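Counting convention: from 1, in listed order, for ligands and their atoms alike. Heavy atoms only: backbone and side chains are in, while hydrogens, waters and symmetry mates are out. Computed from a predicted structure; not experimentally measured.
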Amino acid sequence: MSYQLLNGKEISAQIKNEIAEEVKQIIATGGKQPHLAAILVGTDGASETYVAGKVKSCKQVGFKSSLFRFNNSVSEDELISKIKEINADDNIDGLIVQLPIPEHISENKIIETIDPKKDVDGFHPVNIGKMTIGLPAYISATPKGISELLKRNNIETSGKHCVVIGRSNIVGKPVSILLSQKNETGNATVTLCHSRTKNLKEITLQADIIIAAIGKLEFVTADMIKEGAVVVDVGIHRVKSDKTKSGWKLKGDVKFDEVAPKCSYITPVPGGVGPMTIVSLLQNTLIASKKEIYK
Ligand code: NAP
């Protein structure tokens, strides 16, 4: 079967252009430049790369960004007081704390300290709760990006069997809720699988759409896929390669080379879900600056 790529790189570039145009209009009519603040704790390579990508993207669309860095030894109290300071700063529209954070700091406490009005990552329980019952809310970036990627490729979800593999709070669980929502980008019949799921392959073989968010390199193989399925690969793994200048390349949770020929659509890694995640964060920041959800 000949498959089509769900090209997140191309679609995210289109959305960035749309955002940049809107920012120009806002500024031309005397409005405020959207402003995203990011907190980065420590010097983890992957987190550095993700935050640098977010800061760069802000610049590309005309947003202001502020990066606040802390050492790994920062205390929970110090971090909380910085978040409260940013919450109170009217000039800042959105705030993200790059995860993971060191183990001596409670992730839940940090997330719950962020003002839901500025929680453009959509991790705060208030936003997750609102999203779950279908109220306007910041939807976390990766699930939102996946939904947008399907929508802009005219992939029908209504009545389809979507199998989500992985139940994390930032990907699997929210994407399963979005796809089962009673609206035009939902209406799917969703099965949420995880490490205790029995007969995973029997379930994935019934899937019209598979969302793979397992965090295991090339976990999804061709024998797990129905002919003509749509496959969205969320996984990001850095693997050694002697074919690239950097000495490594990115791969996903799906064994692309053998799975792709069975698919109607599939996301590449890189260039699929990753860029859609960043652009969704930009969309949320724009929504925050326009006070569309919270006044
Ligand atoms: P996570 O928190 O590690 O969760 C992994 C999920 O996979 C868990 O629910 C786990 O089940 C399930 N799982 C593990 N082994 C399994 C198995 N053998 N069979 C079925 N399910 C299994 O992962 P995450 O944060 O959602 O991230 C997943 C991947 O996406 C990672 O590679 C991450 O780097 C990547 N990611 C990419 C983006 C992006 O923008 N592209 C954004 C976020 C994450 P249990 O709950 O039972 O443990």
Quiz item: Looking at F219, which atoms of ligand 1 are within less than 4.0 Å of one of its heavy atoms?
Solution: 17 (C), 18 (N), 19 (N)
Quiz item: Given R196, H194, K251, which has its nearest heavy atom closest to atom 21 (N) of ligand 1?
Solution: H194
Quiz item: What closest approach, in Å, do E156 and K160 show between heavy atoms, and which atom pair accounts for it?
Solution: O-CG, 3.4 Å
Quiz item: Is ligand 1 under 4.0 Å from a heavy atom in the side chain of I236, in the backbone, in both, or in neither?
Solution: both
Practice problem: Using a 4.0 Å heavy-atom cut-off, say whether T142 meets ligand 1 through its side chain, its backbone, both or neither. | Solution: side chain
Exercise. Taking atom types as modelled, find out whether H35 and D93 have a side-chain donor-acceptor pair closer than 3.5 angstrom.
Key: no
Quiz item: What protein heavy atom sits nearest atom 15 (N) of ligand 1, and how far away is it?
Solution: K216 NZ, 3.2 Å
Quiz item: ligand 1 versus M276, non-hydrogen atoms closer than 4.0 Å: side chain, backbone, both, neither?
Solution: neither
Quiz item: Around K32, counting heavy atoms of other residues, nucleotides and ligands shown, do more than 12 lie under 6.0 Å from its NZ?
Solution: yes
Practice problem: Just jot down the ligand 1 atoms closer than 4.0 angstrom to any heavy atom of V273, in number order. | Solution: 41 (N)
Quiz item: Under the criterion side-chain contact (heavy atoms from CB on, under 4.5 Å), which of I39, L95, V126, V120 is the partner of I114?
Solution: L95
Self-check item: Where ligand 1 meets G274 - atom numbers and elements under 4.0 angstrom, heavy-atom basis
Solution: 40 (O), 41 (N)
Practice problem: Identify, by atom number and element, the atoms of ligand 1 in contact range of T277, meaning under 4.0 Å from any of its heavy atoms. | Solution: 39 (C), 40 (O)
Quiz item: What closest approach, in Å, do K262 and I225 show between heavy atoms, and which atom pair accounts for it?
Solution: NZ-O, 2.9 Å
Quiz prompt | Contact with ligand 1 for G172, non-hydrogen, under 4.0 angstrom | solution = no
Exercise. Give the residue and atom name of whichever protein heavy atom lies nearest to atom 14 (C) of ligand 1, and the separation in Å to one decimal.
Key: I214 CG2, 3.6 Å
Practice problem: Among all protein heavy atoms, pick out the one at the shortest distance from atom 11 (O) of ligand 1; state its residue, atom name and that distance to 0.1 Å. | Solution: S195 N, 3.2 Å
Exercise. Look only at the side chain of D119 and the backbone of D115, and say whether a donor-acceptor pair between them is shorter than 3.5 Å.
Key: no
Quiz item: Do Y50 and ligand 1 have an N or O pair less than 3.5 Å apart?
Solution: no
Exercise. Using a strict 4.0 Å cut-off to heavy atoms of G235, name the atoms of ligand 1 that fall inside it.
Key: 29 (C), 30 (O), 32 (O), 35 (C)
Quiz item: Does the Q98 side chain pair with the main chain of S47, one donor and one acceptor, at a distance under 3.5 Å?
Solution: no
Quiz item: Looking at E112 and H124, what are the two nearest heavy atoms and their distance?
Solution: O-NE2, 3.3 Å
Exercise. Report yes or no: is the cationic atom of K82 (NZ for Lys, CZ for Arg) closer than 6.0 Å to the six-membered ring centre of F70, at no more than 45° off its axis?
Key: no
Self-check item: Single-linkage hydrophobic cluster L36~I139, side-chain heavy atoms < 4.5 angstrom
Solution: no
Exercise. Tell me which protein heavy atom sits closest to atom 12 (C) of ligand 1, plus the residue, atom name and distance to 0.1 Å.
Key: G166 CA, 4.0 Å
Practice problem: Around atom 8 (C) of ligand 1, find the nearest protein heavy atom and jot down its residue, atom name and distance. | Solution: R167 N, 3.9 Å
Quiz item: Which heavy atom of the protein is the closest neighbour of atom 4 (O) of ligand 1, given with residue, atom name and distance?
Solution: S168 CB, 3.9 Å
Quiz item: In terms of residue, atom name and distance, what is the protein heavy atom nearest to atom 30 (O) of ligand 1?
Solution: V234 O, 3.4 Å
Practice problem: Check whether any protein heavy atom sits under 4.0 Å from atom 36 (N) of ligand 1. | Solution: yes
Quiz item: What do you reckon, does T197 put a non-hydrogen atom under 4.0 Å from ligand 1?
Solution: no
Quiz item: Knowing that exactly one of T204, V254, T197, D253 qualifies, which makes a side-chain contact (heavy atoms from CB on, under 4.5 Å) with I165?
Solution: T204
Practice problem: Measure the distance from atom 31 (C) of ligand 1 to every protein heavy atom, then report the residue, atom name and distance (to 0.1 Å) of the closest one. | Solution: G215 CA, 3.6 Å
Self-check item: Check: Y138 side chain, T285 main-chain N or O, donor-acceptor pair, under 3.5 Å
Solution: no
Quiz item: Short list, please: which atoms of ligand 1 are under 4.0 Å from a heavy atom of V171?
Solution: 26 (O), 43 (C)
Quiz prompt | For K295 against K291, the heavy-atom pair lying closest together | solution = NZ-O, 3.1 Å
